Structure formats: C-alpha cells, structure tokens
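Below is one structure, written out as structure tokens; comments come after it.
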Amino acid sequence: MGRVLRLYFPFTRASIQSSLMYSLNMIFFSLSELLYCFVMYYLWKAVFESSGGSDFMGFDMQDMVLYLFITNVTAYLTMSDADNTIADEIKDGSISMRLLKPVSFSMSVLFKDIAGPIVMFCMVFVPMTACVEIYRAVTVGAVMFNIVNFALYLVSAVMAYLISFFMNMCFGFLAFYTTNLWGMGMFKKIVLKFLSGAVIPLAFLPDLLRNILSFLPFASLSYIPVMIYMGKYSTSELVFNMCLQLAWVAVLALLSRLVWKSAIKKLSVQGG
C-alpha cells in the first residue's frame, strides 16, 4: 500500500493543487448548487402544500429538505470525471505519454480523479451538511444527526464513487473508437441524474420501474447512500443494498478491464 501511495499520490496532489488554484470558480459553483437546492425546495414545498397533507409518498417536508440537499452534495461527492480525462488525452495525444510511463493507466486516472471528491468533501459537503443538520435541529427541537448512519453513508458513498469511476472508465474508453465524447457525455449525465434518484426519489416512481432501477448500478450512485444517511433502511435492507453496491463495484471493475483490453487495440490520437 505504501508503494502504491508513493507512486500514485502525486497524481492526486497535483490535481488538488490545480483545483484550488481556481478558488473563485469553486465559490460560484457552490453558490449555484445552493441556489438549485433552494429552487427545488420551493418546488417540493408547493407539491406538499397541494397534496393537502404533511406526508407525500412516505416523505414529509423535513425528509424532502434533507433528501434534496444531501442528494445534491452526494452527486458531486461521488462524481467521476474519468471519461473526460480519457477523451481529452486521446484528443490532444497526451495519452501516448501516459501509456509510456511505468504505471498502471487505470490507477493513474483513479488517483487523479479522486482529487475532485476530496475537494468537494472539504469545501461543499461539510459546510452544507452542517447547515442542513442545524436546520433539522432547529425545526425538530432536537439533534437528529446519527453518527452510525453517517459512518455507513461514507462507506456507501465511497462504493458509489468507485461504481461511478468504473462506469465512466468504460464510457471513456469509447473515445478510442469515437475520439470525441462531448455529446454522448451530456446525454449520459442527464440520464444518470434521473436514474440515480438525483431528480426525484426512486420511491416516488411506479413499483415496477422502482424495483428494476433498485437492482441496477444507477441507484447505488446517489439514492442508496442518501437513504442510508436518512435512516430509511431496515437492518436487512441496509446489508442488502451495501452488498449490492460492493457487487457492482466488482462487476464494473472487471468490465472496465475487459473494455480496456479491447479499446487499447483501437488507439488513434489527434495531435501529439
């Protein structure tokens, strides 16, 4: 492990330093995400008021506020940019230099990519989660934060990130065939946002569709970690869903390796 960190951690450090250089960009990004959450808050507030009750599909308004804010930060905490990294390096030809280095291509991309979640955790997740928990405490009149649920949430979020990473690696390898992924990437982002429960909770969907999506890797990206944070799962459901996440990590890791072996034979770069 020590050798791996010595070999690959410089990729993470360089990426973190690059992210922190543009602090103003991060500030405006955080403000835009906060604005999005408030827009969704007032939208769902109107839904609850029009429903004529304090409960809607098993969620009350306090649950919905927690779900909105935690889902939003979780989506960025578990987001991977591996596909864009691969596509950009293929376009400018720099991937040829990376392949010549005595390091694993996938590991170097992984350690570069985890810089994003680390920065997001420190600069967005911690302050926003603290504000949400203060809101819950003031609203209910008692501290609602559960340290056990939070610890399990972090474990689930790590697995969600790995699922996202390996999915994006597989998607990024398409650039070996198409060279440019921008259009497909935008489509993928929109579809994943819906299928992962980032737009509306999967509990609100029809039973058949919800059951199908619950077994697919998309729910593992956002919905499962957030439901764990909220304490919505029974013990058996918690164990099942975390084991499901672990299984998808293993399946997608293997799939990305197989796709890599096939894609590298088709390497064609522009530039460099």
Side-chain angles (χ1 to χ4, degrees), residues 15 19 25-41 43-44 59 63-85 110 113-133 135 149-150 152-172 184-205 210 213-214 216-230 232-233 241-242 244-245 248-249 252:
S15 189
S19 299
N25 181 58
M26 180 61 67
I27 291 172
F28 278 102
F29 171 81
S30 302
L31 290 175
S32 66
E33 292 305 309
L34 190 62
L35 178 61
Y36 170 81
C37 287
F38 278 109
V39 169
M40 295 300 293
Y41 165 79
L43 172 63
W44 282 106
F59 282 63
D63 287 336
M64 205 65 226
V65 170
L66 182 62
Y67 185 88
L68 286 173
F69 282 85
I70 300 302
T71 297
N72 200 50
V73 294
T74 300
Y76 286 97
L77 192 64
T78 60
M79 181 178 65
S80 169
D81 199 41
D83 52 342
N84 289 324
T85 297
L110 173 62
D113 196 60
I114 60 176
I118 292 173
V119 173
M120 292 298 294
F121 181 84
C122 297
M123 299 189 67
V124 178
F125 179 82
V126 172
M128 188 172 290
T129 304
C131 291
V132 170
E133 289 299 336
Y135 164 82
N149 287 345
F150 181 70
L152 291 171
Y153 162 82
L154 290 179
V155 174
S156 179
V158 169
M159 290 192 288
Y161 167 74
L162 291 175
I163 291 171
S164 176
F165 172 77
F166 288 121
M167 285 179 63
N168 278 288
M169 285 289 283
C170 292
F171 183 77
M184 289 188 293
M186 293 298 293
F187 178 76
K188 180 207 67 171
K189 183 178 179 180
I190 294 171
V191 171
L192 285 183
K193 196 165 187 177
F194 174 76
L195 296 180
S196 66
V199 177
I200 59 173
L202 297 185
F204 291 10
L205 300 178
R210 181 182 69 247
L213 293 179
S214 295
L216 296 177
F218 313 117
S220 297
L221 298 175
S222 180
Y223 186 72
I224 290 177
V226 175
M227 295 296 278
I228 291 174
Y229 186 100
M230 297 175 65
K232 291 289 188 179
Y233 287 141
N241 281 292
M242 294 191 74
L244 182 64
Q245 281 188 298
W248 276 118
V249 170
L252 290 169

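None of these values were measured; they are calculated from a predicted model.
The two residues E133 and L66 have their closest heavy-atom pair at OE2-CD1, 4.4 Å. Of all heavy-atom pairs spanning F59 and P201, the tightest one is CZ-CB, 4.2 Å. Among all heavy-atom pairs drawn from Y36 and A198, the shortest one is OH-O, 4.5 Å. For the residue pair N168 and S164, the shortest heavy atom distance occurs at ND2-O, 2.7 Å. When all heavy atoms of L195 and L202 are compared, the closest pair comes out as O-CD2, 3.8 Å. Across all non-hydrogen atoms, the minimal contact from P225 to A160 is CG-CB, 4.1 Å.
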Does the pair M159 and S220 meet the rule for a side chain to side chain contact (heavy atoms under 4.5 Å, CB included), with working shown?
CA-CA 8 Å; M159 290 192 288; S220 297; over 6 Å; no

For N241 and M227: C-alpha separation, side-chain torsions, deciding distance, then whether side chain to side chain contact (heavy atoms under 4.5 Å, CB included) applies.
CA-CA 10 Å; N241 281 292; M227 295 296 278; over 6 Å; no

In sequence, state the C-alpha distance, the side-chain angles, and the governing distance for L152 and M242, and then conclude on side chain to side chain contact (heavy atoms under 4.5 Å, CB included).
CA-CA 9 Å; L152 291 171; M242 294 191 74; 4.2 Å; yes

Might you work through the side chain to side chain contact (heavy atoms under 4.5 Å, CB included) test for F218 and M167, ending with a clear yes or no?
CA-CA 10 Å; F218 313 117; M167 285 179 63; 3.8 Å; yes

Which atom pairs, donor and acceptor, lie under 3.5 Å between side-chain atoms of residues 113-126 and protein residues at least two apart or in another chain?
from: D113; atom 1: OD1; to: D81; atom 2: N; distance (Å): 2.9
from: D113; atom 1: OD1; to: A82; atom 2: N; distance (Å): 3.3
from: D113; atom 1: OD2; to: S80; atom 2: OG; distance (Å): 2.8
from: D113; atom 1: OD2; to: Y161; atom 2: OH; distance (Å): 2.6

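For the atom pair CZ of F38 and CG of L43, the computed distance is 14.5 Å after rounding to the nearest 0.5 Å. Separating the CD1 atom in I200 from the CE atom in M40 is a distance of 9.0 Å, to the nearest 0.5 Å. Between the CG atom in L110 and the OG1 atom in T85 there is a gap of 11.0 Å [rounded to 0.5 Å]. Remark: S156 OG to I163 CD1 distance equals 8.0 Å, nearest 0.5 Å. Note: K193 NZ to T71 OG1 = 10.5 Å, rounded to the nearest 0.5 Å. Interatomic distance, OG of S196 versus CG of L216, reported as 12.0 Å (0.5 Å rounding).
Without hydrogens or angle criteria, R210 side chain to L205 main chain gives a donor-acceptor distance under 3.5 Å.
Within the 4.5 Å cutoff, no side-chain heavy atoms of W248 are placed close to those of Q245.
The distance between the ring centers of Y67 and Y229 does not fall below 6.0 angstrom.
Residues satisfying the side chain to side chain donor-acceptor pair (under 3.5 Å) criterion with T78, sequence neighbours excluded, are absent altogether. With sequence neighbours left out, the side chain to side chain donor-acceptor pair (under 3.5 Å) criterion links N149 to no other residue.
Classified by interplanar angle (parallel below 30°, tilted 30° to 60°, perpendicular above 60°), the ring pair F150/Y153 is parallel.
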